K.L.:
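Here it is: the structure, laid out below.
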Amino acid sequence: MEARIVTLPGDYIGPEIVKEAVKVLEAVAEKYDHSFHFDERPMGGASIDVYGEPLAAETLDACNTADAVLMGSVGGPKWDHVEPSKRPEKGLLALRKGMEVFANLRPCTIHPQLAGACPLRPDIISKPIDIMILRELTGDIYFGKRWRSEDRTKATDEMAYSREEVERLARIGFEMAKKRRGKLCSVDKANVLECSRLWRETVDQLSHEYPEVEVSYMYVDNAAMQLILRPSQFDVIITGNLFGDILSDESAAIAGSLGMMPSASLGKGTRGLYEPIHGSAPDIAGKDIANPLGTILSGALLLRHSLGLEAEAAAIEAAVEKVLNEGYRTADIMSEGCTKVGCTQMGTLVAESI
Ligand code: NAD
């Protein structure tokens, strides 16, 4: 297959980790006889330096005509003085909006080799944990109206959802559950919020189209607790923007390492935006010590969800497992008896395992 992938390395460790993910994708292309064309563009602070803005119109155009977009991370002290509306992170919001990616996927798995980094008790994680959190990304209280009273002593943020917004997200969740273990848990606060009642009604109606998927509903406060007490009960979780923001960070903490976690943001078609969940880590940039595995695993999600290359995606995931099994670790996940490697060497090891 031929595919055009826009890469947006971004700032600080961004270029270091994206370089390694590209190395791994190139190894996949060679082994499986595909042709991936990489189109690198500046983003965030790097784009401010070139265009004076964090996301140039031509960069967004390139993203919207590509098959998929792979991003590193943006921001850092160099651009802290920039006026708020032009900060690197604004480019990220503009990119998500401009690409109309409304579903954010955050897989949460515990690599058995890294179980020591998980803050939960061993008996809690003795059963396999493989959760896919699907967070709505372009609606909810983050995009509603907000205002202050004239005397500045009261503030209001509006939470709003439409049936269409809920349905398009839920549909992705049901499709995903069908391909996984057939379980979907919808998380809301329907005992209090009208938006949540609309959410639940919509999911319930849609569930009739997916009789093979077992649906459950959970209030968000209970879900936050259950993720800690019995994480193995979950397969796919769907939830709104605000609750998803919090639960997906909680799930990242369960997985133990920021550097290992991939993410995908999807819209209506197959085009998607793929990035690790961490930031640009200015404190370790330029030292060749960043963990590139979150970005490499984001590359696996890209192959699976945008290019439909399941075997190739699984090959990347298996290669990462193999390298971890062989005891190679970057500094952030290092433990006794393992071999410490840098960012470049970790990328090379995974590429060679492909
Ligand atoms: P961060 O995620 O960059 O770093 C937090 C800590 O985790 C640091 O100690 C860092 O060294 C470590 N870390 C992060 N990624 C790592 C990796 N791959 N390997 C090893 N260690 C890693 O969060 P921060 O320090 O709060 O933010 C730094 C900058 O990144 C800020 O400008 C912030 O706005 C930006 N940011 C960007 C994104 C994004 O691009 N999506 C997300 C979060 C933060």
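Whatever order the structure lists ligands and atoms in, that order sets their numbers, starting from 1. Fair warning: this is a prediction, and the values are worked out from it, not measured in the lab.
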K.L.:
Any atoms of ligand 1 less than 4.0 Å from a non-hydrogen atom of Ile13? List them with their elements.
P.N.:
18 (N)

K.L.:
Using 0.5 Å steps for rounding, measure from the CZ atom of Arg148 to the NZ atom of Lys154.
P.N.:
13.0 Å

K.L.:
Say whether Ile289 and ligand 1 are in contact under the criterion: heavy-atom distance to a ligand atom below 4.0 Å.
P.N.:
no

K.L.:
Should we count CD of Glu30 as having more than 12 external heavy atoms under 6.0 Å?
P.N.:
no

K.L.:
Is it the case that over 12 heavy atoms from other parts of the model lie below 6.0 angstrom from the NZ atom of Lys19?
P.N.:
no

K.L.:
Does anything in residues 115-125 pair up under side chain to side chain donor-acceptor pair (under 3.5 Å), and if so which pairs, sequence neighbours excluded?
P.N.:
Arg121-Asp123

K.L.:
Would one find an N or O of Gly76, backbone or side chain, under 3.5 Å from an N or O of ligand 1?
P.N.:
yes

K.L.:
Hey, which atoms in ligand 1 end up nearer than 4.0 Å to a heavy atom of Pro282?
P.N.:
28 (C)

K.L.:
May I ask you to list the atoms of ligand 1 that are less than 4.0 angstrom from any heavy atom of Glu275?
P.N.:
41 (N)

K.L.:
Of the side chain and backbone of Asp283, name the one, both, or neither that has a heavy atom under 4.0 Å from an atom of ligand 1.
P.N.:
side chain

K.L.:
Could you see which bit of Asn291 sits under 4.0 Å from ligand 1, with heavy atoms only: side chain, backbone, both or neither?
P.N.:
both

K.L.:
Regarding ligand 1, does His278 bring an N or O atom to under 3.5 Å of one of the ligand's N or O atoms?
P.N.:
yes

K.L.:
Answer yes or no on whether Arg135 is positioned over the face of Phe243, meaning its NZ or CZ is under 6.0 Å from the six-membered ring centre and within 45° of the axis.
P.N.:
no

K.L.:
Look at atom CD of Glu100 and say whether more than 12 heavy atoms of other residues, nucleotides or ligands are closer to it than 6.0 Å.
P.N.:
no

K.L.:
If you scan the protein for heavy atoms around atom 40 (O) of ligand 1, do you find one that is closer than 4.0 Å?
P.N.:
yes

K.L.:
Output the list of atoms in ligand 1 that are nearer than 4.0 Å to some heavy atom of Ser73, sorted by atom number.
P.N.:
40 (O)

K.L.:
Using the six-membered ring wherever Trp is involved, compare the ring planes of Phe36 and Phe38 and label them parallel, tilted or perpendicular (cut-offs 30° and 60°).
P.N.:
perpendicular

K.L.:
Any idea how Tyr12 and Trp79 line up, ring-wise: parallel (<30°), tilted (30 to 60°), or perpendicular (>60°)?
P.N.:
perpendicular

K.L.:
Ignoring hydrogens and angles, tell me if any N or O in the side chain of Arg181 forms a donor-acceptor pair with the backbone of Asp130 under 3.5 Å.
P.N.:
yes

K.L.:
Can you list the atoms of ligand 1 that are under 4.0 Å from a heavy atom of Gly75?
P.N.:
32 (O)

K.L.:
Where the closest heavy atom to atom 5 (C) of ligand 1 is concerned, which of Leu92, Leu8, Leu258 has it?
P.N.:
Leu258

K.L.:
Pick whichever of Ser280, Gly279, Ala290 has a heavy atom sitting closest to atom 29 (C) of ligand 1.
P.N.:
Ser280

K.L.:
Is at least one protein non-hydrogen atom found at under 4.0 angstrom from atom 32 (O) of ligand 1?
P.N.:
yes

K.L.:
Any salt bridge linking Arg271 with Asp67? Criterion: basic side-chain nitrogen under 4.0 Å from a carboxylate oxygen.
P.N.:
no

K.L.:
Which ligand 1 atoms, with their elements, are less than 4.0 angstrom from a heavy-atom of Glu89?
P.N.:
31 (C), 32 (O), 33 (C), 34 (O), 35 (C)

K.L.:
Can you find a protein heavy atom under 4.0 Å from atom 27 (O) of ligand 1?
P.N.:
no

K.L.:
Should Pro276 be counted as touching ligand 1, given the test is an N or O pair under 3.5 Å?
P.N.:
no

K.L.:
Which residue supplies the protein heavy atom nearest to atom 22 (C) of ligand 1, what is that atom called, and how far is it?
P.N.:
Ile284 CD1, 4.0 Å

K.L.:
If you count heavy atoms of other groups shown closer than 6.0 angstrom to NZ of Lys90, is the number above 12?
P.N.:
no

K.L.:
Could you find the nearest protein heavy atom to atom 12 (C) of ligand 1 and give me its residue, atom name and distance?
P.N.:
Ala281 CB, 4.4 Å

K.L.:
Quick one: look up the protein heavy atom nearest atom 37 (C) of ligand 1 and list residue, atom name and how far away it is.
P.N.:
Val74 O, 3.1 Å

K.L.:
Is atom 18 (N) of ligand 1 touching the protein, meaning some protein heavy atom lies under 4.0 Å away?
P.N.:
yes

K.L.:
With a 4.0 Å cut-off on N to O distance, would you call Asp80 and Lys78 a salt bridge?
P.N.:
no

K.L.:
Would you say Ile17 and ligand 1 have an N/O pair spaced under 3.5 Å apart?
P.N.:
no

K.L.:
Establish whether Leu206 and Met218 are linked, either directly or via other cluster members, by ILVMFWY side-chain heavy-atom contacts under 4.5 Å.
P.N.:
no

